[in-house]
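A, B, ... follow the sequence lines: proteins, then strands. Residue 1 opens every chain.
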Amino acid sequence: MIQYLLLQGFQMMLVLAVAPLLIGIVRKVKSRLLCRIGPSVFQPYRDLIRLARKDVVVAHNASWLFLVTPYIVFSAIWVAAALVPTYALGLIFSWSADIIVIVGLLALARFFQALAGLDVGTAFGGIGTSREMMIASLAEPAMLMIVFTLSLLAQSTQLSSIAHYMMTVDVGLRVSCGLALLGLVMVAIAENGRIPVDNPATHLELTMVHEAMILEYSGRHLALIELAAALKLTLYLSMLVCVFLPWGMALNGAGTLTLVIGVGVYLSKMAAGGTALALLEVTVAKMRVFRVVDFLNFALMLGLLAALLLFVSRSI
Amino acid sequence: MSALEALLLAFSGDLGTAAVTVLLVGPMVTAAVMLLVSAHRIAVVLGATANLVSFGAALVLLGHRPPLNIFLHVDDLNIALIALNAFVAFTSSLFSAGYIEHERRIGRLNRRTSQLYHAMYQGLMFSLNLGLLANNIGLMWVAIEMATLTAVMMVGVYRTPPALEAAWKYFILGSVGVALALFGTILVYFAAASEVGDGMEAMAWTVLLTHADGFDPTLLDIAFVFLLLGYGTKAGLVPMHAWLPDAHAEGPTPITAVLSGLLINVSLYVILRFKMVLAANPHVLPPGPLMIGLGLVSVLFATLMLYRQGDIKRLFAYSSIEHMGIAAFAFGMGGPLANFAGLLHMVMHSLTKSAIFFAVGHITQVKGTQQLSAIRGVGESHPVLGWGLALGVLAIAGLPPFGVFMSEFLLISATFARAPVLTLVLITGLLIALGALLFRLNEVVFGEVCGVSLRRDGSYVPLVLHLILVLVAGLYLPPPLVAWFQHVAAQLG
Amino acid sequence: MPGQGLAFDVAHMLAGGMVTVSFMLLFQDRLFALIQFISLHALVLAMALAWQAYIQTAEHLYAAAALALMVKAVLIPVVLHRLVRRLRIERTVEVVVGVGVTMLFGICLVALSVVVMLPVAAKSPLMWEDLSFALAVVLLGLLIMITRRNAVGQIIGFLSVDNGMTLAAAGARGMPFLIELSIAFSALVALIVFVVSLSHIYKRFESADVQALDRFRGDTP
Amino acid sequence: MFLPFVLCLVPFLFAAGLLVTPVASRSWASFALYGVCLGVTCLLLAVGVLGLAAAGEGAPPQLMRLPLGLPGAGVGFRLDSLSAFFLIVVNFAASAASLFAIGYGRHEHAPGRVLPFYPVFLAGMNLVVVANDAYSFLFSWELMSVASWFLVIAHHRERENRRAGYVYLIMAAISTQALLITFGLLSDFGRVLDFEAIRTSPHAVDIARLAVLAAVIGTGAKAGLVPLHVWLPLAHPAAPSHVSGLMSGIMTKVAIYGLVRIVFDLLGPPEWTWGAGILFLGGITAVVGVLYALMQHDLKRLLAYHTVENIGIIAIGLGLALAFRANGFALGAALALTAALFHVLNHSLFKSLLFFGAGAVLTATGERDLERLGGLIRGMPVTAFCFLVGSAAISALPPLNGFVSEWLALQAILISPELPQWILKFLVPMVGAGLALSAALAAACFVKAFGIAFLGRARTVAAERAVETDRTSQAAMLILVAACVLAGLFPGMVVDALAPVVTMLVGSHLPVQSSNPWLTLVASTPERSSYNGLVLMVFIALSALLPALGIYGLASRKLRRAGAWDCGYPETSSATQYTAASFAQPIRRVFASVVFSASEQIDMPLPGDARPARLTLGMKDPVWTVLYRPLVETVNAAAAVVGRARTLSIRQHLSLVYAVLILLLVVLALWQ
């Protein structure tokens with residue numbers, strides 16, 4: 001029992017630890033690709049600590065909601081990220097939430113973050129919130145359609161079961177799988193505010209979304225929100241690899257060695273994923289806000305198509 | 001009660017016969033007295049008393065039916081209607097007391113015209129009672145004709161050009177209707193005479209009913225066409241309805257209430273009598289489609305007309321046409337349930353519509369106008385009237401907890417599966433009517449208050465009494481009434 | 001008591017005569033002519049009634065015949081005549097549709113009356129003849145009513161309807177209330193004439209001034 | 001043994017309504033009346049709970065008959081698990097509303113127009129769910145409509161309210177007539193009106209199909225299924241807020257009860273087409289409802305449109321359940337039906353809560369328009385908190401109750417590929433996408449509603465000066481908040497309580513949840529899917545506490561107040577904030593330009609021109625333009641044509657009669 005709890009606890013700590021590193025890797029790779037040296041891959045840790053030590057400056061009219069939001073956002077995303085299998089399957093609390101709940105937790109975080117964006121009553125907060133909700137209103141259904149596809153394939157909505165299914169059953173190259181993968185990547189890009197949907201590196205661009213929403217945050221609050229954003233990226237990447245590249249994960253009740261191998265494989269997968277993301281970001285240009293709609297509609301259509309194909313092919 | 005009973009028994013030997021005598025002689029004598037007495041107060045008291053006595057006699061009749069006779073009879077069909085008739089006549093006379101007084105005060109009626117009015121009122125009651133009690137088809141015709149003439153007198157009582165116009169229209173269309181009905185009656189006599197022999201027997205409805213299966217079907221068919229169109233004119237069925245809105249709008253409101261509540265009902269009742277004869281003959285063409293057709297046309301026409309009215313009394317007059325159409329539809333569909341629904345609908349409509357006209361009468365007097373555009377926000381300025389009208393309109397639109405809901409419920413649930421398209425037409429009509437009535441109600445009762453507010457005394461008792469009765473009927477029907485109606489419904493075929 | 005054949009033939013002839021007079025009424029467009037013909041119509045009716053009284057040996061029908069002769073053939077036409085003079089409308093020609101169309105339609109009506117009563121013939125030809133002629137007179141009378149714009153013309157139409165009704169009633173053996181009905185109808189007609197002569201309502205059948213009516217009724221268009 | 005209690009308690013409500021009429025304007029009348037209503041509804045709630053518990057133990061339905069109503073037939077009542085469940089739904093929200101109204105009702109300026117009808121409305125809803133024959137069902141149904149109509153036009157001086165009442169009562173009448181048709185079809189020509197008899201008698205396929213169609217129209221018009229929803233956003237906001245809460249929260253549920261009772265219970269084994277139809281309507285309703293809501297800036301109207309959305313979600317569950325049942329998938333049917341009924345309960349809780357919140361805002365500020373609110377969270381912290389929880393719940397956010405029913409519905413959709421019919425195979429994923437879309441849009445909408453009304457800076461003086469509502473109103477809202485949270489954390493208990501209802505209707509139920517470890521909710525098998533709101537809540541709490549403790553202990557805990565940063569360009573005017581309309585602008589561009597043909601017209605004055613710039617929004621409601629306006633125009637045109645008869649002269653009228661006579665004679669001649 002204790003062992004199981006420890007394994008679960010380890011996973012929570014693992015994602016927490018990996019998240020800033022992932023950001024660091026992406027930034028580093030991007031810099032190198034742009035012929036810059038770039039900060040160290042550990043710079044995000046330092047930033048977070050620095051932010052945490054600073055005083056918090058809050059607008060006069062900010063309400064209690066503004067103050068608790070960072071904690072809610074952080075905890076919801078952390079829990080969600082910890083529920084995605086990383087190095088092992090079938091952890092003790094994996095049943096407490098399936099993939100739909102994970103989507104729900106992300107929605108919860110977004111809900112509060114959006115409210116906090118409106119709390120101070122500034123124009124930038126409003127613009128960010130409004131756009132964020134518009135993007136989410138398309139990304140969330142797209143995500144759910146992809147969830148449908150995966151669940152229909154694996155006959156389960158539990159990520160553990162899906163990953164297990166993908167690992168053990170010879171799925172083969174199914175069209176639905178490919179569509180779902182492409183869709184999930186697109187949703188991940190949109191949800192994490194990466195190029196071409198949003199630019200995480202700027203603050204003063206009229207097309208910014210996520211950064212505008214958190215403009216009023218400072219100090220430890222900002223640290224939490226930044227960490228939550230990093231966790232969200234980790235979550236999506238973990239989900240991608242656990243579903244589509246499930247190899248190397250430890251199965252339920254595996255030995256220590258397998259677990260260690262699992263962790264190693266996971267870390268390398270994340271590093272590869274971060275690199276790929278950086279590659280993508282330097283090769284495409286940012287879109288106008290209302291082009292994002294088309295982008296996400298495409299993702300939604302992909303998800304729907306994938307689900308439809310499965311619905312129809314089930315009886316053949 | 002026992003003392004009165006004994007007195008009556010001593011008087012005639014039979015309570016039922018005594019009651020019938022009171023019902024017929026009472027109003028007639030009162031009418032005669034009224035023509036002589038000109039004092040308004042005496043006339044009012046006398047009239048109300050006479051109607052109260054009639055009502056008492058009708059109640060006695062409920063328990064003691066007189067023996068059959070070839071001129072008059074009391075059976076399951078007319079017994080409830082007689083009681084209803086007497087009741088509405090009584091409440092209307094209470095209402096009319098205050099109403100006429102007000103009209104005299106503002107000078108719309110003078111001593112002579114109000115005297116004529118009171119006398120004709122009793123005359124109308126006599127003819128309606130006679131029409132209901134008659135067992136002779138000739139007598140029925142005479143009664144309806146008399147009722148029309150007395151009603152014409154009262155419609156024109158204001159002597160204004162529109163009132164005379166309305167009376168004239170009523171008179172002419174009524175006369176043609178009377179002629180058609182008479183021809184139908186003669187044809188029925190022809191059919192009967194060859195079967196039961198010449199003479200009075202061949203005009204007695206009870207005799208006709210028992211021998212109907214041997215009558216010549218062709219004659220009966222043609223007769224029914226004439227009777228339906230003839231009496232249908234009096235019942236206000238479209239396209240014979242033209243007199244009805246004018247007569248309703250231009251006459252004094254108590255008469256409007258009586259016209260809508262009683263006269264058109266009695267006319268429909270006479271049609272039913274003949275329909276029963278037809279139903280007893282297996283060879284005739286079924287009269288159902290004819291009645292359904294007229295009924296639906298009436299419903300649709302009247303409901304659409306509801307949208308075009310600017311006068312509050314005309315509005316509800318068209319609603320009366322609609323409800324007669326519904327009843328005709330019900331009897332046309334036939335079958336025990338639909339017939340039952342039709343009978344119930346007649347009773348409920350009578351009570352509800354007269355209640356509405358009581359409220360409307362009060363409202364037109366306090367507002368000094370019949371124009372809908374000038375009557376607004378009554379619910380605020382006169383809460384009792386406004387709410388009384390609102391409840392009445394809801395009731396007539398067929399919403400619970402009122403009795404009309406029950407009859408419409410029975411009708412539609414009984415007929416939909418049999419004739420879905422026709423019933424759908426009916427339902428459409430009901431909805432359109434609701435839309436129109438509610439549209440007006442919204443402004444009349446709930447709009448912004450406007451216009452004058454004159455003084456008006458008079459009792460709200462009739463209004464409240466009717467509404468309570470309609471409400472109770474929606475929840476509970478007395479078993480004897482149900483038994484009578486069920487029996488009649490079976491006979492109606 | 002004459003034989004069945006003769007009784008039938010005479011009754012037939014008189015009833016047919018009434019239909020013929022109805023036709024004449026139909027194509028009259030002058031009021032005085034109309035009044036004269038309605039008088040003739042009532043005269044034929046009185047004869048028919050008397051003949052029925054004779055063959056049925058029903059005394060009360062004589063009374064009805066006398067009544068018809070006095071009231072309908074003499075009294076009412078005279079009153080109408082005076083009315084027309086008083087109102088100065090003797091020259092008005094007010095027929096709604098052309099005479100040719102009306103006549104054609106009238107013939108169709110007679111055919112309809114005969115055909116619709118046809119099934120009765122199988123049972124009793126006498127009754128068939130009787131009733132189909134009476135029906136024809138009634139329908140023609142109504143047609144007269146609706147093809148005249150003038151109140152007097154319409155009263156005459158109504159009178160001929162009344163005559164047709166009485167003819168039908170007379171044919172029925174032992175019809176009770178016949179006299180009463182006859183009186184009632186005469187009274188009705190008298191009342192109409194009375195109202196028309198008393199007020200200047202004679203045009204009101206037509207109610208041409210609809211907008212004026214709307215004004216005082218407050219109808220919204 | 002519980003049914004008589006219901007029938008004894010309901011007359012108290014009628015009596016209360018009657019007795020309060022003459023004294024309605026006294027100050028204590030409102031207090032007394034709502035107190036009585038609170039007491040009676042609490043007792044009725046207890047009856048419902050006991051009844052459901054008894055049904056869970058296998059007790060047979062209780063029947064009663066009173067010699068009222070239709071002659072011969074009498075009035076039948078029945079308390080079975082379905083009725084008991086809906087009694088609970090109705091009376092829980094009703095007692096909360098009564099409690100809320102004890103405080104809120106004091107602000108009513110026309111008590112005489114509200115007090116008499118409020119208890120009648122409650123009585124009507126209670127009677128509908130226990131009625132056991134067509135007459136008493138429709139009687140109570142219409143009574144409910146009429147009573148609520150009076151409440152809708154309580155503030156009749158406003159033209160808008162009168163119009164709302166008008167549309168409402170017409171739609172209610174359409175609903176009643178459609179249900180009347182249903183019963184007409186099922187009742188064997190009006191002879192069999194008793195539900196017991198209708199239930200046991202067989203129905204021909206075509207008849208049953210027509211009956212379902214009519215029932216969907218009838219109950220849909222009352223529940224607010226698109227395109228029959230038009231009255232709902234007009235009527236619900238017009239009523240006083242506690243009544244709006246009842247109308248939106250439970251009257252629409254009573255309509256759902258009608259649908260379930262007729263389609264699941266009375267009609268016997270379903271066909272899959274019924275399910276497909278209801279599913280389709282549900283999908284459309286869910287998406288269109290929330291899109292409408294997003295376009296609103298009237299707080300109560302926004303909430304009303306959300307009711308439309310939620311009815312769509314419930315209909316999706318019901319449709320799926322029918323489709324499963326028609327194909328013999330008992331577990332699927334049980335899952336979908338559980339989802340639908342769970343959502344019924346949920347929506348009754350959070351929609352009442354939200355309307356109460358809106359009511360509190362309305363009394364505090366006198367405003368329903370979002371554009372004139374703002375910053376209320378400072379003046380009205382409790383209301384804000386309650387509204388926030390309600391918003392989160394209705395947006396289907398874990399770990400609250402709204403998420404659970406949504407989760408169950410999605411689980412039901414995920415097992416539907418087993419359905420053999422092709423139409424369903426295409427339809428279900430579409431509807432699933434619609435469901436997901438509506439959930440995401442709902443979140444956006446409530447960010448807007450809460451964010452614009454409660455957060456930011458006050459846009460008007462009234463909003464600035466708003467003070468917290470009274471204690472009883474707060475208590476009512478807090479009770480509902482607690483209910484939302486508890487139903488979210490312990491969904492297994494609700495699912496278990498629903499088991500007898502679901503068993504009665506589809507013959508199967510979900511696995512018993514109370515035996516699951518850690519009170520986990522399992523839809524079918526644990527391998528397939530599971531959800532544990534409680535554990536999740538604990539996790540979230542812990543993982544929020546941990547960094548908080550860490551940061552506070554090891555790093556900084558200082559907090560400074562300063563002016564807003566806003567990228568260095570703070571504007572002092574509160575008009576520079578985002579408004580509801582500007583918040584919705586991106587979504588309006590994306591969706592509404594197609595659905596509502598929304599258009600924006602910008603009037604930008606040239607330099608030197610002193611007039612203000614203006615942005616005009618144009619929006620068309622497709623349902624009105626396509627369906628209702630032509631209908632109204634047809635009636636008007638027909639009335640105009642018929643109205644010409646008015647100008648006919650007497651002679652022309654006579655000609656008409658004559659023509660009919662001749663026509664009939666000709667027909668007769670031809671016939672013989």
Side-chain angles (χ1 to χ4, degrees), chain A residues 52-61 63 71 74-76 78-79 93 95-98 100-101 104-105 107-108 111 114-115 118-124 126 130-131 133-134 136-137 140-141 144-145 148 151-152 156-158 161 204 215-216 219-220 224 293 304 307-308 311-312 314-315, chain D residues 377-378 392 395 397-398 403 407 410 414 417 420 425-426 428-429 432-433 436-437 440-441 443-444 447 450-451 455-457 520 526-532 535-536 539-540 543-544 547-548 551 555-556 558-567 570 574 576-578 582-583 586-587 589-590:
Chain A
R53 282 190 180 149
K54 289 201 167 194
D55 289 0
V56 170
V57 183
V58 177
H60 286 301
N61 62 338
S63 66
Y71 298 96
F74 171 73
S75 57
W78 189 19
V79 169
F93 284 122
W95 45 258
S96 71
D98 62 6
I100 299 174
V101 182
L105 283 171
L108 176 71
F111 185 78
L115 286 180
L118 287 171
D119 186 46
V120 179
T122 56
F124 271 107
S130 155
R131 288 178 176 176
M133 292 321 285
M134 185 267 286
S137 68
E140 203 179 303
L144 273 175
M145 290 325 288
F148 278 10
S151 329
L152 289 172
S156 169
T157 54
Q158 300 286 32
S161 308
L204 273 181
L215 202 56
E216 298 295 327
R220 55 179 182 270
L224 281 174
V293 175
L304 189 57
L308 260 178
F311 261 85
V312 175
R314 181 53 65 86
S315 60
Chain D
I377 195 170
R378 278 169 285 282
S395 306
L397 298 179
F403 178 76
W407 185 81
L410 289 173
L414 284 173
K425 277 179 186 301
F426 282 105
V428 172
L437 185 63
L441 287 172
V447 166
F450 185 80
L455 303 177
R457 287 171 285 158
T520 305
E527 293 76 39
R528 226 188 138 102
S529 56
S530 58
Y531 165 69
N532 191 323
V535 168
L536 212 59
F539 260 93
I540 290 176
S543 54
I551 292 175
S556 158
K558 289 207 195 92
L559 189 141
R560 267 195 298 131
R561 291 277 181 175
W565 157 234
D566 201 17
C567 270
S574 65
T576 57
Q577 296 177 88
Y578 248 51
S582 47
F583 183 93
I587 293 172
R589 274 205 187 173
V590 175

What part of S161(A) lies closer than 4.5 angstrom to a heavy atom of chain D: side chain, backbone, both or neither? side chain
Pairs of heavy atoms under 4.5 Å with chain A: top-ranked of S395(D), G456(D), A392(D): G456(D)
Approximate separation, where rounding is to 0.5 Å, of L441(D) CG and E140(A) CD: 9.5 Å
Grab the two heavy atoms, one from W78(A) and one from S543(D), that are nearest each other, plus how far apart they are. CE3-CB, 3.1 Å
When only pairs under 4.5 Å are counted, which of L105(A), V120(A), V101(A) shares the most heavy-atom pairs with chain D? V101(A)
Can you check whether M145(A) reaches L437(D) side chain to side chain, under 4.5 Å on heavy atoms? no
Atom group of F74(A) that falls short of 4.5 Å from chain D, counting heavy atoms: side chain
Would you confirm whether R561(D), through its side chain, and H60(A), through its main-chain N or O, come within 3.5 Å as a donor-acceptor pair? yes
Which is it for D98(A) and W407(D) under the side-chain contact (heavy atoms from CB on, under 4.5 Å) test, yes or no, and what are the steps along the way? CA-CA 10 Å; D98(A) 62 6; W407(D) 185 81; 2.8 Å; yes
Side chain to side chain, F148(A) and P429(D), heavy atoms closer than 4.5 Å: no
Quick one: of A548(D), A562(D), A564(D), who has the most non-hydrogen atom pairs under 4.5 Å with chain A? A562(D)
Determine the option with the most heavy-atom pairs under 4.5 angstrom with chain A, choosing from G451(D), A444(D), P586(D). P586(D)
Bottom line for P398(D): the part with an atom under 4.5 Å from chain A's heavy atoms is both
Separation between OH of Y531(D) and CD1 of I100(A), rounded to the nearest 0.5 Å: 11.5 Å
Side chain / backbone / both / neither for S574(D) at chain A, heavy atoms under 4.5 Å: neither
CG of L397(D) to CG of L108(A), rounded to nearest 0.5 Å, is 5.5 Å
Just checking R378(D): does its CZ atom have more than 12 heavy atoms from other residues, nucleotides or ligands closer to it than 6.0 angstrom? yes
Can you tell me if T157(A) uses its side chain to pair, donor with acceptor, with the backbone of R528(D) under 3.5 Å? yes
Under 4.5 Å from a heavy atom of chain A, the part of F403(D) involved: side chain
Do you know the tightest heavy-atom contact between A436(D) and P141(A)? CB-CA, 3.6 Å
Heavy-atom pairs under 4.5 Å with chain A, option from I377(D), V590(D), L414(D) with the top count: L414(D)
Do you know the tightest heavy-atom contact between R220(A) and K558(D)? NH1-O, 3.1 Å
At a heavy-atom distance under 4.5 Å, which candidate from A76(A), A136(A), S137(A), G104(A) has the highest pair count against chain D? S137(A)
Considering only heavy atoms and a distance below 4.5 Å, find which of I540(D), L536(D), V447(D), N532(D) pairs most often with chain A. V447(D)
Just give me the residue among V293(A), L144(A), D55(A) that pairs up with chain D most often, heavy atom to heavy atom, under 4.5 Å. D55(A)
Can you measure from CH2 (W565(D)) to CG (L215(A)) and round to the nearest 0.5 angstrom? 7.0 Å
